[in-house]
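Because the structure is a prediction, the values reported are computed rather than measured. All residue numbers refer to positions in the sequence shown, counting from 1. Counting convention: from 1, in listed order, for ligands and their atoms alike.
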Amino acid sequence: MTDKIYRVNMNELSFKIENVPEEWKGLGGRGFTSTVVASEVDPECHPLGPNNKLVFAPGLLSGTTAVNSGRNSLGAKSPLTGAIKESNVGGTIAGILSKLGVKALIVEGIPKEDKFYQLHVTKNNVEFIEVPELVGKDNYYVLDSMIEKYNKKVAVMSIARPGEMKMVTANISVKDPQGKLRSFGRGGLGAVMGSKKIKCITVDSEKYKEVTLANPQKFKEASKKYTNTLNNNYATSTGLPSFGTAGSVNIINGAGALPSKNFLTGTTENAEFLCGETLAETIKKRDGKTTHGCHAGCIIQCSQVYNDKNGEYLTSGFEFETIWAFGAHLGIKDLDQIAKIDALMDDLGIDSIEIGATLGLAVEAGLIEYGDGEKAYDIIANDIALGTPLGRIIGGGAGNLGKLYGLVRVAVVKNQSMPAYDPRAIKGIGITYATTPMGADHTAGFTVPFNLSKADNRVDPLKKEGQVALSRNVQIQMAMVDSIGMCSFVGRPMMDGPECLLALVDMINARFDSKLTVDSWKNLGKTILKTEKAFNQKAGLTNADDRLPEFMRYEPIPPHNTVWDFTSEEIDEFWNF
Ligand code: SF4
């Protein structure tokens with residue numbers, strides 16, 4: 001089976017199936033989406049206008065039996081940052097697209113009529129179905145309707161009311177194997193889907209075939225070696241499954257790098273209520289699940305099922321960054337209240353980091369008080385969901401709130417909010433926030449384990465030395481990982497030694513009969529970063545956009561009392577490769 005590009009034109013309500021150009025055949029995931037966005041999207045276009053495109057592409061190893069390979073990338077020009085965006089997600093979409101032989105689904109144009117559509121993708125066909133009955137409905141309603149309509153045999157991607165309203169904090173939500181939701185988060189790609197008047201995309205799994213492997217035996221051998229590296233790494237075998245990503249609460253708080261009360265201090269007094277240990281204990285008491293995979297074949301299982309006090313399902317995929325944003329940054333102590341807000345944000349399809357970061361900043365604007373979980377819930381449920389003026393302000397993200405209220409202490413880069421790691425106390429992640437083409441994004445180059453490691457090659461988080469090279473290496477590695485559909489945590493065993501990297505190269509070669517080497521794969525990672533940077537430059541961004549907010553240069557963060565002290569020249573060194 002030769003993979004094809006499915007290209008949808010919303011202007012004409014038409015589609016065509018194309019061969020994959022020779023030069024794109026070795027690309028997958030982020031490599032594919034960023035290449036297509038850079039070559040087909042006018043960098044100067046309005047992100048919500050007719051010339052932006054949505055490019056969905058599974059990773060090179062998605063659909064295979066390789067563990068943790070079920071991530072799907074999505075690329076477009078971001079309405080939040082004005083820059084290129086790649087976002088990736090688990091769920092069921094990557095496996096189904098790969099098994100249908102879809103290398104990528106590219107959506108372009110805007111319909112002539114003001115109507116919302118469902119796109120139903122099947123083998124060799126795309127149907128355009130008007131869905132007036134789904135307009136104004138949120139994700140779980142849409143998801144349940146589609147599961148009922150297709151008897152569970154579909155992947156579903158949808159937007160809720162904020163996406164319809166084109167809020168720049170809107171995500172695209174994706175069905176997971178249990179019929180719950182995951183998100184293409186950060187950067188407002190839900191608003192792009194809303195601009196194209198697509199309420200949901202369903203992909204039929206009925207006629208798919210297992211993906212073909214050029215050399216099944218070699219694939220099996222390499223896959224076994226790769227799985228062993230995950231099983232032998234502490235983070236992927238023990239840390240993440242025990243406490244989820246919330247295990248980071250105590251680690252980052254202990255490092256004095258957990259931004260609290262809008263980046264005033266690097267520690268929170270709420271840690272004991274918010275930490276992974278408390279989360280795991282609470283889940284166990286209520287018969288939830290401390291381990292859970294966001295896609296089939298995940299053996300790390302950092303996700304969980306969190307029940308309420310009555311043992312009823314409340315949320316899953318309850319991430320450290322969400323707990324940080326609402327718990328430390330906005331100061332809510334009650335994990336149940338944050339879980340309730342998390343579930344609401346899933347249903348509304350809004351980015352939990354951006355919304356939490358904006359609400360924490362909103363304290364400085366006098367719109368909410370620290371720790372007021374009831375008010376936070378109310379703003380999301382009754383303002384953002386309904387699109388009131390306050391809802392539009394908070395739903396516009398922290399950068400926009402800061403401009404509207406004349407605030408100076410606004411922790412954004414390229415208008416995207418910083419997540420849960422203060423760059424004054426972990427300087428490697430600051431270089432990532434500054435330089436990644438994505439805007440402040442920890443996943444683009446997660447230096448934190450290297451900065452906080454106890455190993456000899458640790459890069460001291462409080463000093464400048466070694467941070468630029470560290471962030472560069474990790475960002476290149478992440479571009480590689482994002483291209484093959486692997487979960488970002490696979491980056492952890494990649495730190496341990498060459499085994500994981502070599503096994504992954506062998507798997508890619510066994511899948512495609514290719515001649516990839518570690519070096520050629522690294523070169524691909526570098527090319528992806530440079531392609532993204534070049535798009536941003538053509539979109540009008542300059543090196544001046546690769547900077548952290550000025551207040552971090554003169555406001556030391558306790559307990560280390562360090563400031564962000566990199567010069568512009570030192571930051572720009574990042575791109576010398
Ligand atoms: S480790 Fe976590 S993020 Fe990665 S695939 Fe599993 S559940 Fe998803």
Side-chain angles (χ1 to χ4, degrees), residues 29-30 58-74 86-96 98 155 157 171 173-186 223 226-227 229-249 276 279-280 283 288-306 315-324 342 346 351-353 419-420 441-444 446 448-449 477-478 480-495 500 504 507:
R30 177 174 170 185
L60 288 174
L61 293 176
S62 299
T64 69
T65 52
V67 298
N68 286 76
S69 64
R71 309 285 297 187
N72 202 93
S73 288
L74 169 60
E86 185 270 351
S87 172
N88 62 71
V89 73
T92 55
I93 183 68
I96 293 179
S98 301
M157 301 185 281
N171 293 336
S173 302
V174 175
K175 174 182 174 289
D176 82 359
Q178 283 72 41
K180 303 298 181 198
L181 293 166
R182 302 281 150 176
S183 309
F184 282 115
R186 316 257 38 212
S223 178
Y226 153 70
T227 305
T229 68
L230 292 181
N231 288 334
N232 293 333
N233 176 274
Y234 177 80
T236 50
S237 68
T238 309
L240 286 162
S242 302
F243 304 117
T245 53
S248 292
V249 171
L279 179 77
I283 289 172
K289 280 187 179 175
T290 51
T291 53
H292 177 249
C294 70
H295 64 75
C298 165
I299 59 166
I300 304 172
Q301 307 232 322
C302 78
S303 180
Q304 63 303 96
V305 174
Y306 187 95
T315 196
S316 59
F318 194 20
E319 298 281 359
F320 163 56
E321 284 75 17
T322 308
I323 293 171
W324 156 75
D342 186 59
D346 277 350
D351 191 77
S352 59
I353 296 178
D441 177 0
H442 61 296
T443 67
F446 194 55
V448 173
Q477 178 183 292
M478 204 38 59
M480 294 156 67
V481 169
D482 287 343
S483 294
I484 59 173
M486 287 292 169
C487 160
S488 65
F489 294 127
V490 169
R492 303 291 177 90
M494 282 167 90
M495 288 161 61
C500 183
L504 288 168
M507 284 158 70

- Query: Which residues and atoms, protein N, O or S only, are under 2.8 Å from atom 8 (Fe) of ligand 1?
  - Reply: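 Short answer, with waters excluded from the count: Cys294 SG.
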- Atoms of ligand 1 close to His292 [distance to a heavy atom under 4.0 angstrom, numbered from 1]: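 Once the distances to His292 are compared, the set is 7 (S).
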- Task: Please round to the nearest 0.5 Å and tell me the distance separating atom CG of Leu74 and atom CG of Asn88.
- Result: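 If I round to the nearest 0.5 Å, the distance is 9.5 Å.
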- Checking Thr245 side chain against Glu319 main chain: does a donor-acceptor pair fall under 3.5 Å?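 Such a contact is absent between Thr245 side chain and Glu319 backbone.
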- Does Ser98 reach the main-chain N or O of Ser62 with its side chain, forming a donor-acceptor pair under 3.5 Å?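 Yes, because the side chain of Ser98 sits within donor-acceptor range (under 3.5 Å) of the backbone of Ser62.
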Do you know which two heavy atoms are closest between [X] and [Y], and how far apart they sit?
X: Pro449; Y: Met495; value: CB-CE, 4.0 Å
X: Asn171; Y: Gly185; value: OD1-CA, 3.2 Å
X: Lys180; Y: Ser316; value: CB-OG, 4.2 Å

